[in-house]
Chemist: 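This is the structure, below, for whatever I ask next.
This is a predicted model, so every value here is computed, not measured. Every number for a ligand or one of its atoms is a count from 1 in the order of the listing.
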Amino acid sequence: MEKKLVYVDNAATTALSDKALEAMLPYFGKHYANPSAIHGYGLDAKAALEHSRRLIANAIGAKNNEIFFTSGGTESDNWAIRGAVEMRSAKGKHIITTTIEHNAVIKTAEALEKEGYEVTYLPVDKYGRITPEQLSAAIRNDTVLISVMMANNEIGTILPIKELCAIAHKRNILFHTDAVQAAGHIKLNVRELGIDLLSMSAHKFQGPKGVGALFVKIGHTLTPFMHGGGQEKGSRSGTENVPGIVGMAVALEEAVTHMEDNHRKIIAMRDRLIQGILKIPGSYLTGDPENRLPGNASFAFEGMDKKPIVTTLSKEGIFASSASACSAGAIKPSRILLATGASESLAHGTLRITLNEHNSEEDIDYLLTTVPSVISWLRTEFKG
Ligand code: PLP
């Protein structure tokens, strides 16, 4: 088969949508003014900012004044967690999260542990799931925050946020969800789910990099994370990234509008890919077989200890990922797979393929011929 270039790392980041780029361009050019300025140009920039806020709020079932712009998923997670625990500091110092959160949550929780907080990391089952009963049992009188991701970035498992959130609220505990992998990819309505705080990041849904948002349910006022000029109602200082915010809003609206059609196409490709890859001896699907992100096809292969799957695939023109992109580089066992109870050896042999609507059946054909031959070559030839 002729060599192709196939990008299947859409959970790491996506290409900017044409519509988002087009919407952003004027804000790098003639609409360059600072949205805090009170002259005409400034008011134009401010209008674009507020229009974007409305689009984002609509896309997730929120109100305009519940959306705060940030620099991305990491900042939203850090701010949500720190802001929430400080807001509830009079009640206690106990936080509940899971073992499969992104490092933006895990490292924030670990930093808080050093500052005197206690954190319970709920263990997950072999599919990366936690149960409402597990969460109930972990709640204490001094629990102030529960943070559970909506969908996992590595294995694609979707968690039962509505049920978990209901448990938190019965005990008057704030609930945060990291929806960085979910927003724009699965249906998400903050009112139906009952969430207090939700993080998102534009570049995961074909918006630009370095911009995101935090949903903060009306009635909660988080302690500011960034101090300065008082933008975002004093909650998040710093001149807003107007082009980025405009691009994020357009990309999210586009993703939500086309979600059903995109799902049909993406799920058909993903399921054909999964069936084909699982014919490789010693291969396993990772994550929940049923409740998983539409574009996620993640695997673990036996006998791959420290063998460079991703770099070898890259030489064949396939751009995929082994663990979360943010911690890629070194060949370490996948922390997430270990958390699901996989052996260290299997956790070394992971491959994450994440599709979106720009992938094609021809891409899947190419993956289905190339991946099996690369795995078998690595198993027999590579003396790593
Ligand atoms: N949370 C999850 C689940 C992610 O997948 C990522 C990025 O991979 C982040 C948070 C961090 O987002 P960002 O890199 O945009 O700050």
Chemist: Under a 4.0 angstrom heavy-atom cut-off, which atoms of ligand 1 come close to M149?
Modeler: 3 (C)
Chemist: For ligand 1, which atoms, with element, lie under 4.0 Å from some heavy atom of S201?
Modeler: 13 (P), 15 (O)
Chemist: Looking only at the side chains, is there a donor atom on one of H203 and T13 sitting less than 3.5 Å from an acceptor on the other?
Modeler: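 Looking only at side-chain atoms, T13 and H203 do form a donor-acceptor pair, the distance falling under 3.5 Å.
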Chemist: Using a 4.0 Å heavy-atom threshold (strictly under), name the region of T74 that reaches ligand 1: side chain, backbone, both or neither.
Modeler: both
Chemist: What atoms in ligand 1 come closer than 4.0 Å to a heavy atom of N153?
Modeler: 3 (C), 5 (O)
Chemist: Side chain of D363, backbone of S360: donor and acceptor closer than 3.5 Å?
Modeler: yes
Chemist: Is the closest side-chain heavy-atom distance between T108 and R82 below 4.5 Å?
Modeler: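 Heavy-atom side-chain distance check passes, below 4.5 Å.
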Chemist: Does atom OH of Y127 have more than 12 heavy-atom neighbours, drawn from other residues, nucleotides or ligands, at distances under 6.0 Å?
Modeler: no
Chemist: Could you see which bit of E75 sits under 4.0 Å from ligand 1, with heavy atoms only: side chain, backbone, both or neither?
Modeler: neither
Chemist: Please check if any side-chain donor atom of E101 sits under 3.5 Å from a side-chain acceptor atom of S147, or the reverse.
Modeler: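 Checked: E101/S147 side chains show no N/O donor-acceptor pair below 3.5 Å.
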Chemist: Non-hydrogen atoms of E101 versus ligand 1: any pair closer than 4.0 Å?
Modeler: no
Chemist: Can you sort out which atoms of ligand 1 are near D77, meaning under 4.0 Å from one of its heavy atoms?
Modeler: 1 (N), 10 (C)
Chemist: Of all the atoms in ligand 1, which lie at a distance below 4.0 Å from a heavy atom belonging to H203?
Modeler: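 Per the distance check, 13 (P), 14 (O), 15 (O).
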Chemist: Is D125 reaching over with its side chain to a backbone N or O of T340, donor-acceptor style, under 3.5 angstrom?
Modeler: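 It does not hold such a pair.
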